[in-house]
Amino acid sequence: MNVRTRFAPSPTGDVHIGNIRAAIFNWLYARHTGGAFLLRVEDTDRARSTDEACRRLLEVMEWLGLTPDEEPLYQSTRQSAHLEAAEQLLQNGHAYRADKGDTGQGEAVLFRMPGRDFSFHDDVKGDLRKAAADMKDFVIARANGTPVFHLANVVDDIAMGVTHVVRGDDHVENTFRHLALYEALGAAPPRFAHLPMIVNAQGKPYSKRDGDAFVGEFREKGYLPDALFNYLALLGWSPGDDREVMSRDELVAAFTLERVQASAAQVDLRKLEWMNGEYMRALPEAEREALYRDALERAGLWSGAFSEEYFRDVCALMQERVKLAPLFPEQAGFFFTEDFAFDEKAVRKRLLKEGGLDALRQMRDALGAIDSFTPETTEAALRQRAETLGLGAGALVHPVRVAVSGLPGGPGLFEMLAVLGKERVLARIDRALSRFADPVTEG
RNA sequence: GACCCCAUCGUCUAGCCAGGCCUAGGACACCAGGUUUUCAUCCUGGUAACACGGGUUCGAAUCCCGUUGGGGUCGCCA
């Protein structure tokens with residue numbers, strides 16, 4: 001039997017991290033078994049399902065590489081099939097019309113539960129059972145003639161040939177009803193696997209109020225799709241060995257429903273960030289540069305006044321230090337503008353305190369005296385001067401760093417100076433000197 | 001409230017189904033040290049968990065029962 005899994009979201013706004021995780025597990029399982037991953041857009045709630053929401057859903061899935069193997073099925077196009085099924089159930093006595101009296105719109109179609117216990121083997125949670133007494137008949141078609149979720153869901157899963165329903169924990173109770181529906185419809189039920197919930201950093205179920213809950217937001221913040229995918233795959237599942245950073249192929253090869261955790265998992269943004277850093281560093285140079293360039297453009301720092309070579313030199317210096325591409329302008333913006341901000345604390349600590357400005361003057365002199373500006377020459381000049389003054393190298397390094405970058409940390413100073421070039425370095429030192437030596441500014 | 005599910009370091013987890021190899025392993029985070037001019041990276045070390053109580057057994061994180069705590073579901077929403 002060929003495995004067919006599906007992701008069946010209702011496009012009512014942004015895609016939630018918990019939902020997309022379900023999609024990831026479905027995709028992974030289909031790939032692992034050589035089966036097909038399908039998408040069914042449950043857009044029957046027209047009031048909430050907008051074209052915009054659908055578009056965003058598809059875009060996000062594409063971004064994560066969750067491409068369906070067949071054309072998506074839009075549930076709104078299936079109404080007649082759903083209603084036919086309801087009619088069939090009415091005919092053979094599995095359903096009946098009744099007015100539950102809560103809409104004032106007349107009779108709805110209710111499914112008649114067979115009055116016996118239902119049980120199934122959940123591939124994640126094990127054997128589950130529900131007593132007949134704990135289940136009631138339920139509406140499958142409204143008085144206004146539209147089909148209800150349970151009916152539509154089952155009819156479409158049958159039509160799509162879905163063999164494995166892998167979905168959120170919140171659907172376990174529905175499964176018993178669905179099982180009865182499959183039976184009444186004369187169809188063999190698929191296997192079921194219910195995924196544990198994902199909870200937020202406070203340990204509470206995600207709500208719309210939680211920031212950081214939408215896939216689109218992760219994208220905007222600069223998380224790489226492979227990193228997010230990898231991280232999410234590890235929430236509620238593990239390969240059983242000590243691997244954490246895993247390629248798509250490795251994840252596919254290792255993924256089984258059997259290894260899915262039964263308990264809820266909490267999102268840890270710091271671990272996600274770490275993982276993103278891993279993926280950033282592993283990126284091919286050109287891709288990383290493209291991300292940096294994009295971030296610079298957004299920050300309005302990409303002027304075209306700099307050569308390709310210069311830009312690439314900067315990237316090379318920054319690659320180990322930027323965990324999220326959008327942070328690049330913040331950390332490396334000073335390479336691209338003379339109008340960079342000074343970190344207040346750094347200025348206080350490195351320039352305004354004990355001999356900071358003197359050190360700067362010394363370095364202005366030392367650096368002004370050399371012609372070629374390479375990491376070697378600038379380092380030699382600095383160390384020489386430090387020795388002459390009887391100071392540690394750090395006493396000269398830090399003030400220069402702050403003067404030319406405005407920041408307390410960053411790439412190696414000498415590499416930085418070489419990339420910046422003598423002219424700009426001296427100009428920046430001069431400007432820092434006049435700006436911070438001014439007694440008005442001082443103290 | 002009823003029904004159902006879950007329970008290992010702060011977090012994600014390995015181990016549990018097939019009880020001894022577990023003085024419970026890994027990762028993130030954190031702390032200390034090393035490397036580095038700084039930050040990041042990298043290396044070394046460390047703190048830290050089987051929710052509780054019974055039982056079964058020669059032996060329990062692993063099996064059973066209960067307690068507690070958490071979660072889900074009880075719509076003519078999906």
Side-chain angles (χ1 to χ4, degrees), chain A residues 8-12 42-45 47-49 75 98-110 122 124-126 128-131 133-136 138-150 152-153 168-177 194 196-199 201 203-205 231 234-245 258-259 261-275 277-278 281 317-323 331 346 350 379 382-383 386 392-402 405 407-414 416:
Chain A
S10 48
T12 53
E42 304 212 331
D43 56 349
T44 50
D45 188 343
R48 289 194 293 163
S49 305
Q75 194 161 62
D99 185 349
K100 287 177 75 186
D102 41 23
T103 63
Q105 286 183 56
E107 294 191 318
V109 180
L110 278 99
D122 188 290
V124 170
K125 302 176 114 48
L128 265 22
R129 164 171 288 273
K130 193 84 173 171
D134 294 321
M135 294 183 283
K136 292 185 300 192
F138 58 95
V139 174
I140 55 177
R142 301 184 184 89
N144 70 9
T146 59
V148 166
F149 162 74
H150 301 292
N153 196 268
D169 225 352
D170 48 339
H171 281 293
V172 279
E173 301 289 329
N174 289 334
T175 307
F176 300 100
R177 289 198 277 241
H194 289 95
M197 294 307 208
I198 291 183
V199 298
K204 291 291 172 193
Y231 177 74
L234 256 26
L235 266 196
W237 175 84
S238 84
D241 50 40
D242 289 339
R243 286 178 295 169
E244 302 252 23
V245 178
E258 201 180 33
R259 295 207 53 86
Q261 196 86 1
S263 50
Q266 189 171 357
V267 171
D268 181 0
L269 265 10
R270 283 177 304 195
K271 185 157 185 173
L272 205 211
E273 203 172 294
W274 161 77
M275 188 162 281
E278 295 290 307
R281 279 192 291 275
L317 291 185
M318 297 306 295
Q319 64 168 314
E320 290 287 314
R321 289 158 232 274
V322 185
K323 273 188 183 162
Q331 294 177 237
R350 303 301 191 186
E379 175 160 12
L382 183 141
R383 291 199 185 281
L396 299 180
V397 165
H398 299 304
V400 175
R401 170 184 298 289
V402 175
S405 75
L407 299 173
L413 178 69
F414 307 113
M416 206 162 96

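Below, chain A is the first sequence line, B the second, and so on; all start at residue 1.
Proximity of A:Arg243 to the phosphate of B:A14: no side-chain N or O atom is located under 4.0 Å from OP1 or OP2. Considering only side-chain N and O atoms, A:Thr44 lies under 4.0 angstrom from the phosphate OP1 or OP2 of B:A78. For B:A78, neither phosphate oxygen OP1 nor OP2 lies less than 4.0 angstrom from any side-chain nitrogen or oxygen of A:Arg177. Residue A:Lys204 has a polar side-chain atom (N or O) positioned under 4.0 Å from OP1 or OP2 of B:G71. In terms of phosphate contacts, A:Arg129 brings no side-chain nitrogen or oxygen within less than 4.0 Å of OP1 or OP2 of B:C5.
Nucleic acid contact class of A:Gly203 (heavy atoms, under 4.0 Å, all strands): none. Heavy atoms of A:Gly145 sit nowhere under 4.0 angstrom from any nucleic acid atom. Across all strands, A:Arg383 comes closer than 4.0 Å only to sugar-phosphate atoms, never to a base (heavy-atom distances). A:Leu413 comes within 4.0 angstrom of a nucleotide base, judged by non-hydrogen atoms across all strands. Within 4.0 Å (heavy atoms only), A:Ala262 reaches sugar-phosphate atoms of the nucleic acid but no base atom. No contact: A:His194 has no heavy atom under 4.0 Å from any strand. Within 4.0 Å of A:Pro411, counting heavy atoms only, lies at least one base atom of the nucleic acid. Counting any heavy atom pair closer than 4.0 Å across all strands shown, A:Asp99 reaches a base atom. A:Gln261 comes within contact range of the sugar-phosphate backbone alone, with a heavy-atom separation under 4.0 Å but no base atom that close. Within 4.0 Å (heavy atoms only), A:Asp134 reaches sugar-phosphate atoms of the nucleic acid but no base atom. Base engagement by A:Glu244 is indicated by at least one non-hydrogen atom pair under 4.0 Å involving a base atom. Residue contacts for A:Thr103: at a heavy-atom cut-off of 4.0 Å it reaches a base atom on one of the strands shown. As judged by a 4.0 angstrom heavy-atom cut-off over every strand, A:Asn144 is placed among residues making no nucleic acid contact. Backbone-only engagement by A:Gly240 is indicated by non-hydrogen atom pairs under 4.0 Å involving sugar-phosphate atoms exclusively.
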Q: Please lay out, stage by stage, how A:Asp122 and A:His194 fare under the test side chain to side chain donor-acceptor pair (under 3.5 Å).
A: CA-CA 7 Å; A:Asp122 188 290; A:His194 289 95; 2.5 Å; yes

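Residues A:Lys271 and A:Tyr231 are in side-chain contact: their nearest non-hydrogen atoms beyond the backbone lie under 4.5 Å apart.
Listed by chain and number, the residues in a side-chain contact (heavy atoms from CB on, under 4.5 Å) with A:Asp134 are A:Lys130, A:Ala131 (sequence neighbours excluded).
You'll find that the side chain of A:His398 is closest to B:U37, out of B:U37, B:C76, B:G72. The listed nucleotides are B:U38, B:C12, B:G72; the one nearest the side chain of A:Gln266 is B:C12. Checked against B:G15, B:A29, B:C76, the side chain of A:Lys323 finds its nearest nucleotide in B:A29. You'll find that the side chain of A:Phe149 is closest to B:A78, out of B:C4, B:A78, B:U11.
A 3.5 Å limit on both hydrogen-bonding distances identifies B:U68 as the Watson-Crick or G-U partner of B:A7. Nucleotide B:G20 has B:C58 as its partner under the Watson-Crick or G-U criteria, with both atom distances under 3.5 Å. Both distances falling under 3.5 Å, in either a Watson-Crick or a G-U wobble arrangement, place B:C74 opposite B:G1. A 3.5 Å limit on both hydrogen-bonding distances identifies B:G46 as the Watson-Crick or G-U partner of B:C30.
Side-chain atoms of A:Arg270 stay outside donor-acceptor range of the base of B:C28, with no qualifying N/O pair under 3.5 Å. If you check distances only, the side chain of A:Lys271 never reaches the base of B:A29 with a donor-acceptor pair under 3.5 Å. The base of B:U41 does not come close enough to the side chain of A:Arg321 for any donor and acceptor atom to sit less than 3.5 Å apart.
Distance noted for atom P between B:C39 and B:C31: 13 Å (whole Å). Taking atom P on both nucleotides, B:A60 is separated from B:C50 by 16 Å, rounded to a whole Å.
At a cut-off of 3.5 Å, with distance as the only test, a side-chain donor of A:His171 or A:Asn174 sits close to an acceptor on the other residue. One side chain, A:Arg142 or A:Thr146, offers a donor N or O that lies under 3.5 Å from an acceptor on the other. A donor atom on one side chain and an acceptor atom on the other are found under 3.5 Å apart for A:Asn153 and A:Glu42.
When each of A:Ala98 and A:Asp241 is assigned the nucleotide of RNA chain B bearing its nearest heavy atom, the one mapping closer to the 5' terminus is A:Asp241. Along RNA chain B, the nucleotide nearest A:Leu235 and the nucleotide nearest A:Lys125 are compared for position; the residue whose nucleotide lies closer to the 5' end is A:Lys125.
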